[in-house]
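Below is one structure; the comments refer to it alone.
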Amino acid sequence: TVPLVLPDHDAGEAEPDGGEEHQIEPVAARESPEPVHDPKVLQNGPHRLVPESDLELVREDESKSPSRPMASADDRRTLDRMLTTGGRMNTNAGTNVVETSGLTKRFGARVAVDAVDLHVPRGSAFGYLGPNGAGKTTLIRMLLGLTRASAGTMRLLGRPVPAERSAALASVGAIVEEPRFHGHLTGRENLTVIATARGPEAYGRIDGALARVGLAQRADERVKRYSLGMRQRLGVARSLLADPELLILDEPTNGLDPAGIHEFRAMIRGFVAEGRTVLLSSHLLDEVEKICDAVAIVDRGRVVMQGSIA
């Protein structure tokens with residue numbers, strides 16, 4: 001089946017100053033040396049590494065994005081039913097690892113994120129679904145403290161952001177847009193640089209993280225030889241060095257071929273089985289349905305519906 005791609009809107013998400021996008025790898029020190037999860041969860045053997053295509057990553061500036069197929073009439077009707085039938089989906093009332101209230105971001109007169117109330121249940125895979133230009137990356141950047149909110153409040157793992165940003169991000173792993181690395185270093189060497197900032201316990205997670213994302217056999221190659229899909233995998237491995245309770249992934253299946261996407265689904269479900277929470281953004285309805293337990297549907301910066309996926 002061909003993945004459904006939601007249509008674009010005219011409004012892009014890029015900030016007006018046109019500066020380089022910030023890359024996130026939280027580096028705040030862990031408050032406790034005790035791992036949140038059993039370290040053996042990262043000791044799985046290497047997965048099969050499949051070739052990945054170097055598809056161009058869709059960026060916030062939609063004028064620079066490659067054209068994508070529009071949704072079929074049947075797919076459009078399916079999405080319309082999700083939005084219009086049965087009222088609001090059931091929202092998990094239990095403990096939430098991400099909570100926002102009235103979260104808003106304006107760029108001049110343009111509203112990129114419009115009064116978003118988001119509730120991400122602990123121990124779930126949560127999809128933030130919407131077309132490019134809908135405000136997905138901007139919301140993620142606010143959650144990570146990379147850009148200031150114009151209004152509203154937000155909490156990560158029970159801590160207010162940005163007031164307690166460093167403490168919250170100590171247990172968060174994240175990728176915003178395309179992960180960046182030192183091209184002249186190997187994959188393993190890049191992770192070693194990050195582990196140096198993280199602390200001594202992060203060194204012991206490098207081999208397991210590489211194996212977990214299927215890069216164990218390519219870890220000693222220079223990153224400049226990696227395909228985009230391999231860099232995406234290395235970005236996930238980098239996030240695992242923090243032994244995170246929460247993973248935030250922005251369009252994580254970009255650059256993966258069909259076999260790679262299938263393996264990625266299994267990897268995400270494995271994280272959830274360990275007790276982690278995964279928040280991922282996507283414009284692919286089919287992938288969100290197959291990966292996630294709950295979803296928020298966003299359109300023009302506003303969440304129109306959220307809750308569990310039946």
Side-chain angles (χ1 to χ4, degrees), residues 13 22 24-26 28 30-31 36-37 88-105 112-130 134-177 235-236 239-240 242-252 268-269 271-283 288 291-299 301-309:
E13 294 177 21
H22 296 281
I24 178 67
E25 174 55 38
R30 296 291 297 268
E31 293 183 357
V36 176
H37 303 277
R88 291 182 61 83
M89 293 185 287
N90 292 329
T91 299
N92 191 318
T95 304
N96 296 314
V97 297
V98 178
E99 293 181 314
T100 71
S101 177
L103 192 61
T104 301
K105 178 65 177 181
V113 176
D114 190 0
V116 167
D117 296 332
L118 194 64
H119 309 280
V120 179
R122 184 180 298 275
S124 68
F126 189 95
Y128 197 55
L129 174 67
K136 302 187 300 297
T137 298
T138 300
L139 179 130
I140 288 175
R141 294 180 68 224
M142 285 192 289
L143 290 176
L144 298 170
L146 298 177
T147 188
R148 292 180 179 274
S150 302
T153 61
M154 48 190 163
R155 301 179 72 87
L156 290 180
L157 301 170
R159 298 180 181 273
V161 177
E164 298 182 25
R165 175 178 180 263
S166 295
L169 294 187
S171 298
V172 175
I175 301 175
V176 181
E177 295 193 299
V236 175
S239 298
L240 292 176
D243 188 26
E245 294 182 62
L246 170 65
L247 278 165
I248 300 178
L249 308 176
D250 187 18
E251 301 277 3
I268 293 300
R269 296 312 309 174
F271 293 153
V272 173
E274 294 163 9
R276 306 180 198 270
T277 304
V278 181
L279 168 61
L280 63 91
S281 70
S282 181
H283 59 272
V288 169
I291 294 174
C292 297
D293 305 300
V295 64
I297 301 173
V298 59
D299 186 47
R302 179 178 290 274
V303 171
V304 295
M305 188 173 290
Q306 68 178 302
S308 60
I309 297 178

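Basis for what follows: all heavy atoms, side chains included, without hydrogens, waters or symmetry-related copies.
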Indicate yes or no: at least one non-hydrogen side-chain atom of [X] is less than 4.5 angstrom from one of [Y].
X    : Y    : value
V176 : T137 : yes
L157 : T277 : no
I175 : P252 : no

Look up atom CG in L143 and atom CG in L169, then write down how far apart they are to the nearest 0.5 Å.
->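 It is 10.0 Å, given to the nearest 0.5 Å.
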
For [X], which residues count as a side chain to side chain contact (heavy atoms under 4.5 Å, CB included) partner, sequence neighbours excluded?
X    : value
R269 : A125, V272, D293
P160 : R155, A163, E164
V298 : Y128, A134, K136
T153 : S101

Hey, mind stepping through L103 and L118 against side-chain contact (heavy atoms from CB on, under 4.5 Å) and telling me if it holds?
-> CA-CA 9 Å; L103 192 61; L118 194 64; over 6 Å; no

Can you check side-chain contact (heavy atoms from CB on, under 4.5 Å) on V97 and L279, steps first, answer last?
-> CA-CA 10 Å; V97 297; L279 168 61; over 6 Å; no

Are the side chain of T104 and the backbone of G102 linked by a donor-acceptor contact shorter than 3.5 Å?
-> yes

Is T100 reaching over with its side chain to a backbone N or O of V116, donor-acceptor style, under 3.5 angstrom?
->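 Looks like yes, one N/O pair under 3.5 Å.
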
Criterion side chain to side chain contact (heavy atoms under 4.5 Å, CB included) against F126, the qualifying member of L246, V278, V120, I248 =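 Only one of L246, V278, V120, I248 forms a side chain to side chain contact (heavy atoms under 4.5 Å, CB included) with F126, namely V120.
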
Closest heavy-atom contact between C292 and I309?
-> O-CD1, 3.6 Å

Results of side-chain hydrogen bond (donor to acceptor under 3.5 Å, both in side chains) for S281 - residues two or more places apart only |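 With neighbours one apart ignored, the set is D250.
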
